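Let me begin by presenting the structure, written as structure tokens, before commenting on it.
This one's a predicted model, so the numbers in the text were calculated from it and none came from an experiment.
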Amino acid sequence: MRVLETETFRENLKIVRENIYESCRRVSRDPSEVAILAVTKNFGRLALDMAAEEGIRNIGENKVQEAWEKLSHKRDTFTKHLIGHLQKNKVEKALKLFDVIQTVDSLALAEKLEKKCAEINPEEKACKYSVFIQVNVSGETTKSGVKPEEVDDLTNYIFSCKNIELKGVMGMAGLYAGEVETRRQFSVLFEIKEKFGLCSLSMGMSSDYTVAVEEGSTMVRLGTALFGKRY
């Protein structure tokens, strides 16, 4: 795990907030519409403490096991998001730890989540579990996500579910996409969010979050920009 410096984190967060403010100003958005999700992958519990002290309330982790070791003792502090690929054999553990799963990328996974939610909370029919669909807008085979042309089938299934509720769309731009192509890919994600009347759009990471905000992101997923490089 990386050793973190509190003052460095605070300065990084200050810069991030200023950049979000400027991006919103350029496109006449309210900065309060954009939430910061701190990606604490490969960082220890100090990262969680620093984020909490500075008012960050959304935490993202990529792996269920690493997250379990860090987050299971902080159940009421954050809204905890799974932002990494979810294997079907980890569904139950993920549901017990995370508040939101952002990476529903197939009908089979959605069906597994729906079934497992019913088993875990059979009496809580009025309480749905929040999920996002992950959409692969770059077409890169190394990225997870449903294809844009397959979004309708996945969203329509989740809308019919009794135990999971579709709250948003998640995605990322291609690794080598220039700004023009990045904006095009982000616009596809925004259009999907608007088409289905969803409240959240999780897009933009440390390298492109300012562009993502200009293209309509409501949640930026930041690790390096806040905590520095991972080793």
Between [X] and [Y] (salt bridge meaning N to carboxylate O under 4.0 Å), is one present in this structure?
X    : Y    : result
K115 : E111 : no
K195 : E191 : no
E61  : K80  : no

Determine the minimum heavy-atom distance between [X] and [Y], stating which atoms define it.
X    : Y    : value
A173 : D208 : CB-OD2, 4.0 Å
S206 : G223 : OG-N, 3.5 Å
S217 : L201 : OG-O, 3.3 Å
H81  : N58  : NE2-OD1, 2.9 Å
A47  : F227 : CB-CE2, 3.7 Å
F78  : I56  : CE2-O, 3.4 Å

Are Y21 and Y209 connected, step by step, through hydrophobic side chains (Ile, Leu, Val, Met, Phe, Trp, Tyr) whose heavy atoms are closer than 4.5 Å?
no
Hydrophobic cluster membership, L13 vs I15, 4.5 Å side-chain cutoff:
no
Decide yes or no for [X] and [Y]: does some side-chain heavy atom of the first lie under 4.5 Å from some side-chain heavy atom of the second?
X    : Y    : answer
T40  : K70  : yes
Q102 : L37  : yes
V135 : P148 : yes
L48  : I59  : yes
I101 : F132 : no
M203 : Q185 : no
I158 : I164 : yes

What I want to check is whether the side chains of [X] and [Y] have a donor and an acceptor closer together than 3.5 Å.
X    : Y    : result
D105 : T103 : no
N163 : Y129 : no
S130 : E165 : no

Who passes side chain to side chain donor-acceptor pair (under 3.5 Å) against E214, sequence neighbours left out?
R26, R183
How about NZ on K93, more than 12 heavy atoms from neighbouring residues, nucleotides or ligands closer than 6.0 Å, or not?
yes
Is it the case that atom NZ in K167 sees more than 12 heavy atoms from other parts of the structure closer than 6.0 Å?
no
Assess the residue pair N62 and E66 against the criterion (side-chain contact (heavy atoms from CB on, under 4.5 Å)); give the C-alpha distance rounded to whole Å, side-chain angles, the decisive distance to 0.1 Å, and a yes or no.
CA-CA 8 Å; N62 288 66; E66 180 186 344; over 6 Å; no
From the list R10, R17, K14, side-chain hydrogen bond (donor to acceptor under 3.5 Å, both in side chains) partner of E54 resolves to R10
First locate atom [atom1] of [X], then atom [atom2] of [Y], and finally report the distance between them rounded to the nearest 0.5 Å.
X    : Y    : atom1 : atom2 : answer
E119 : E92  : CD    : CD    : 7.5 Å
F190 : E215 : CZ    : CD    : 9.0 Å
L226 : T8   : CG    : OG1   : 12.0 Å

Tell me if a side-chain donor or acceptor on [X] pairs with a main-chain N or O of [Y] at a distance below 3.5 Å.
X    : Y    : result
N156 : S160 : no
S23  : I20  : no
R57  : A52  : yes
S202 : M170 : no
N136 : K143 : yes
K96  : I120 : no
R25  : P31  : no

side-chain contact (heavy atoms from CB on, under 4.5 Å) between F186 and V211, intermediate numbers included:
CA-CA 9 Å; F186 283 164; V211 174; 4.1 Å; yes
